[in-house]
Amino acid sequence: MKNRKQEVTGRTVRETHSFDYSLLLIVLCLLGFGLLMIYSSSSYTAQVKFQDSAYFLKKQMINLAVGIIVMIFVSRIDYRVLLKRLPGVRTHVVTALYFCAVLLQLSVYFIGKEFNGAKRWIVVGPVSIQPAEISKIAVLLITASFINMAPAMVSHMKGACRILLASGVLIVLVGKENLSSAIVMMAIVFIMCFVAARYKRLYFLMILVVAAGVALFILFGDPFRMKRFQIWLDVENNPGGFQILQGLYAIASGGLFGTGMGESMQKLGFIPEPHNDMIFAIICEELGIVGAGIVILMFLLLIWRIYDIAVRSPDLFSGMICTGVMAQIAVQVIANIAVVTNSIPSTGIALPFISYGGSSVIFLLAEIGLVLQISKKCVKT
């Protein structure tokens, strides 16, 4: 294998030609642990509803198989293809993906299926897709593309507004039906722009403006969202706070070392669908604070590996992609744990790689595939 030597910031470096296997190992460990916890937390519900305690485990294994295939496929495609123009048109691949995400998000309003009071899915035969997960990748890539084309623009109001306008169209479309995903997308864009900007004060001001806008939307928009704030403020006495309250009981009963794998009481009908957004509460109950701490440590290691790849990335575009992926994972982990511990109002954000769900894990693994591809081209000191 031939290594190409080059000079970067005064240091001799060489380009690597292999994946960051430590990143891959961490992701696989989280996926394996997720399968274990999905079976543990869902076996009772699955047995009652489907007479098969492994029903959700089997479905998630199929999701993971698809996701790993997608990850391998993406990891073998040069990320710079995203900046190339499509044959016969003047549109870049990134732009085409962005408009595809917009069309998919618009189609939700017309052909989307409603589950649990939310119209967020497109169902084609046995396959259901949540376009919001595709929109997260589209916003991440279009923002990285804008920053790569004109790095200086993110430090000025006019350029920043241009980026925010491009991403804002998709964020608004997502936010109408799925505010939690829209907030994650906003966080991805702001963190990417903040990291790339030379002058940071502009983004502090914008964060305040956007936060005020979201607050007004919650206060004067759909009463359902305001109800979540009321539940959060009085979770013990509000009937709608039952799920969060049971999650807090699960955390408290777990203690330091937990009740043991499979020994959760709150999953026996007290927490609705404990294998979804509330799975961290079951982790705390069965594995205790120690087990939950190890899970958090795994996420910290994952974020650190992506950060290291971002720092050593060969160009600005790849560095921004890694920054966006890192931001998405970090925001979703923090938001999920904060909801389970009642630190913030309920948002419906899944715990990455661990919570049950097809679209979420498949498209997250696609993003990991991108990061693995970039890691092959990173410089090694």
Side-chain angles (χ1 to χ4, degrees), residues 82-83 85-86 89-112 118-122 129-151 153-197 202-203 205-218 220-222 225 317 320-321 323-325 327-328 331-332 347-349 359-360 363 366-367 370:
L82 295 167
L83 295 177
R85 296 185 187 277
L86 290 169
V89 294
R90 299 187 63 184
T91 304
H92 293 89
V93 175
V94 168
T95 309
L97 290 172
Y98 174 82
F99 283 113
C100 285
V102 171
L103 290 174
L104 280 172
Q105 202 60 54
L106 285 171
S107 66
V108 171
Y109 302 125
F110 301 101
I111 62 173
K119 194 175 183 180
R120 301 175 182 175
W121 287 265
I122 295 175
I129 301 173
Q130 192 171 0
E133 299 300 329
I134 301 173
S135 297
K136 289 175 186 176
I137 299 180
V139 160
L140 187 159
L141 292 177
I142 201 70
T143 303
S145 176
F146 269 105
I147 294 172
N148 181 67
M149 286 190 295
M153 71 188 298
V154 293
S155 295
H156 303 286
M157 180 63 76
K158 185 177 179 180
C161 288
R162 185 180 172 188
I163 294 174
L164 295 177
L165 180 63
S167 58
V169 172
L170 197 47
I171 290 172
V172 169
L173 289 174
V174 172
K176 191 175 184 303
E177 291 292 336
N178 192 342
L179 183 61
S180 56
S181 289
I183 291 173
V184 172
M185 291 164 66
M186 282 190 285
I188 292 170
V189 174
F190 273 113
I191 291 171
M192 291 175 69
C193 290
F194 184 81
V195 169
L202 170 65
Y203 291 94
L205 175 62
M206 286 187 173
I207 288 172
L208 293 176
V209 172
V210 172
V214 171
L216 290 172
F217 179 71
I218 292 171
F220 300 104
D222 192 336
R225 294 188 175 99
F317 181 59
M320 285 294 100
I321 290 174
T323 301
V325 175
Q328 179 181 337
V331 169
Q332 289 192 192
T347 60
I349 294 175
S359 296
S360 174
F363 290 107
E367 293 179 15
L370 268 175

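Residues: numbered from 1 along the sequence shown.
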Sequence-distant partners of Ala144, side chain to side chain contact (heavy atoms under 4.5 Å, CB included), two or more places apart: Met192, Phe317, Met320, Ile321
Heavy-atom closest contact (Ser145 atom, Leu83 atom, distance): OG-CD2, 4.1 Å
Between CD1 on residue Ile188 and CD1 on residue Ile171, distance to nearest 0.5 Å: 8.5 Å
Separation between CD1 of Ile122 and CD1 of Ile134, rounded to the nearest 0.5 Å: 7.5 Å
Going by atom type alone, with no hydrogens or angles, which donor-acceptor pairs under 3.5 Å involve a side-chain atom of residues 160-168 and a protein atom two or more places apart or on another chain?
from	atom 1	to	atom 2	distance (Å)
Ser167	OG	Ile163	O	3.1
Ser167	OG	Leu164	O	3.3

Heavy-atom check, side chain of Ser135 versus side chain of Met185, under 4.5 Å: yes
All side chain to side chain contact (heavy atoms under 4.5 Å, CB included) counterparts of Tyr109, not counting sequence neighbours: Leu106, Leu173, Lys176, Glu177
Counterpart residues, side chain to side chain donor-acceptor pair (under 3.5 Å), relative to Gln130 (two or more places apart): none
Side chain to side chain contact (heavy atoms under 4.5 Å, CB included) involving Ala138 - partner list, sequence neighbours excluded: Ala101, Leu170
For the student: nearest non-hydrogen atoms of Thr95 and Thr91, plus distance: CB-CG2, 3.6 Å
Ser107 side chain to Leu104 backbone, donor-acceptor under 3.5 Å: yes
Results of side chain to side chain donor-acceptor pair (under 3.5 Å) for Ser180 - residues two or more places apart only: Asn178
Partner residues of Leu97 under the side chain to side chain contact (heavy atoms under 4.5 Å, CB included) criterion, sequence neighbours left out: Leu82, Val93, Leu141
Results of salt bridge (charged side-chain N to carboxylate O under 4.0 Å, His left out) for Glu133 - residues two or more places apart only: Lys136
Residue pair Val189, Phe146: steps toward the side chain to side chain contact (heavy atoms under 4.5 Å, CB included) verdict: CA-CA 11 Å; Val189 174; Phe146 269 105; over 6 Å; no
Validation row: Val184, Ile349 side chains within 4.5 angstrom (heavy atoms): yes
Value rounded to 0.5 Å, distance of CZ in Phe190 from CD1 in Ile183: 12.0 Å
